[in-house]
Amino acid sequence: MISVDGKITVMNIELKGSGTSPEQIRNSLSGSGQVSGYLYPAVAGGSLGFASFATGLGSVFSTEMGFNSAVLAGFINHQSPITGELLLSGNTVTLQNHKVQGQNAIALITSRTSLTQAITDTTIALDTGRRGPADYVMTVKGPISSPTVSTRGGGN
């Protein structure tokens, strides 16, 4: 189990909207803001050493385990700065150029999430600096309650 602590700040917020009902106002909202702060994911239960060993060994056979191994090594038990831009347009929240700087790893995140339909299309490119611009790419698509998750090597 992993717990996540940290602090996220959104600055330079611009927000516009109009309407005569809560629904009209919600549907017309648009704006942006700059995201900064840090995340500190930590092991809350289980053994980090065993998980690192198991995912490292599993990465020989599975891209998903390789992704998990890189996340454990690069982000768990490390304070990781985060920066990016948050956009709101209608009912959609978009994350652009989000960068999480881990220890010897960088996660680049792009995401579009519909607030009214509760669906997401999120991509996480993970670069450990070993194989080029992205070692692994994870996509999370579909209903927020049960999205489809897929992982591939960055060169694919």
Connected via hydrophobic side-chain network under 4.5 Å: Val100 and Val137: no

Could you list the residues that satisfy side-chain hydrogen bond (donor to acceptor under 3.5 Å, both in side chains) with Ser150, not counting sequence neighbours? Thr139

Does Leu88 have any side-chain contact (heavy atoms from CB on, under 4.5 Å) partners at least two apart in sequence or in another chain, and if so, which? Leu15, Leu29, Val93, Leu115

What heavy-atom pair brings Gly102 and Ser80 nearest, and what distance separates the two atoms? CA-OG, 3.7 Å

Clusters formed by hydrophobic residues whose side-chain heavy atoms approach within less than 4.5 Å: which one holds Leu108, and what are its other members? Ile106

Please name the pair of heavy atoms, one in Asp135 and one in Asp127, separated by the smallest distance, quoted to 0.1 Å. OD2-C, 3.5 Å

Can you find a heavy atom in the side chain of Tyr136 that is under 4.5 Å from one in the side chain of Ile124? no

Ignoring hydrogens, what is the shortest heavy-atom contact between Pro41 and Phe75? Give both atom names and the distance. CG-O, 3.3 Å

Give, for atom CZ of Arg112 and atom OG1 of Thr94, the distance between the pair rounded to the nearest 0.5 Å. 4.5 Å

Gln103: what forms a side-chain hydrogen bond (donor to acceptor under 3.5 Å, both in side chains) with it, not counting sequence neighbours? His78

Residues which pass side-chain contact (heavy atoms from CB on, under 4.5 Å) with Ser36, listed by chain and number, not counting sequence neighbours: Thr9

Can you list everything that forms a side-chain hydrogen bond (donor to acceptor under 3.5 Å, both in side chains) with Thr92? Sequence neighbours excluded, please. none

Pro143: what forms a side-chain contact (heavy atoms from CB on, under 4.5 Å) with it, not counting sequence neighbours? Ser145, Ser146

Applying a strict under-4.5 Å side-chain criterion to I, L, V, M, F, W and Y, I'd like to know whether Ile109 and Leu87 cluster together. no

Mind checking the CD1-CD spacing from Ile82 to Gln101? Nearest 0.5 Å is all I need. 11.5 Å

Exam field: side chain His98 to backbone Thr110, donor-acceptor pair closer than 3.5 Å: no

Do side-chain atoms of Ser28 reach the backbone of Ser18 as a donor and acceptor pair under 3.5 angstrom? yes

Shared hydrophobic cluster, Leu95 / Ile8 (ILVMFWY, side-chain heavy atoms < 4.5 Å): yes

Kindly compute the distance separating CG (Asn12) from CG (Leu86), expressed to the nearest 0.5 Å. 12.5 Å

Thr120 vs Ser111, side-chain contact (heavy atoms from CB on, under 4.5 Å): CA-CA, chis, key distance, verdict: CA-CA 7 Å; Thr120 191; Ser111 179; 3.7 Å; yes

Separation between CD1 of Ile119 and OG1 of Thr113, rounded to the nearest 0.5 Å: 9.0 Å

Please name all residues satisfying side-chain hydrogen bond (donor to acceptor under 3.5 Å, both in side chains) with Asn27, sequence neighbours left out, ordered by chain then number. Asn91

Can you list, by chain and residue number, the hydrophobic cluster partners of Tyr38 when the side-chain cut-off is 4.5 Å? none

Just jot down the side-chain contact (heavy atoms from CB on, under 4.5 Å) partners of Ile13, sequence neighbours excluded, or say none. Val10

Show your working on side-chain contact (heavy atoms from CB on, under 4.5 Å) between Ser30 and Lys16 and close with a plain yes or no. CA-CA 5 Å; Ser30 65; Lys16 300 174 188 171; 4.1 Å; yes

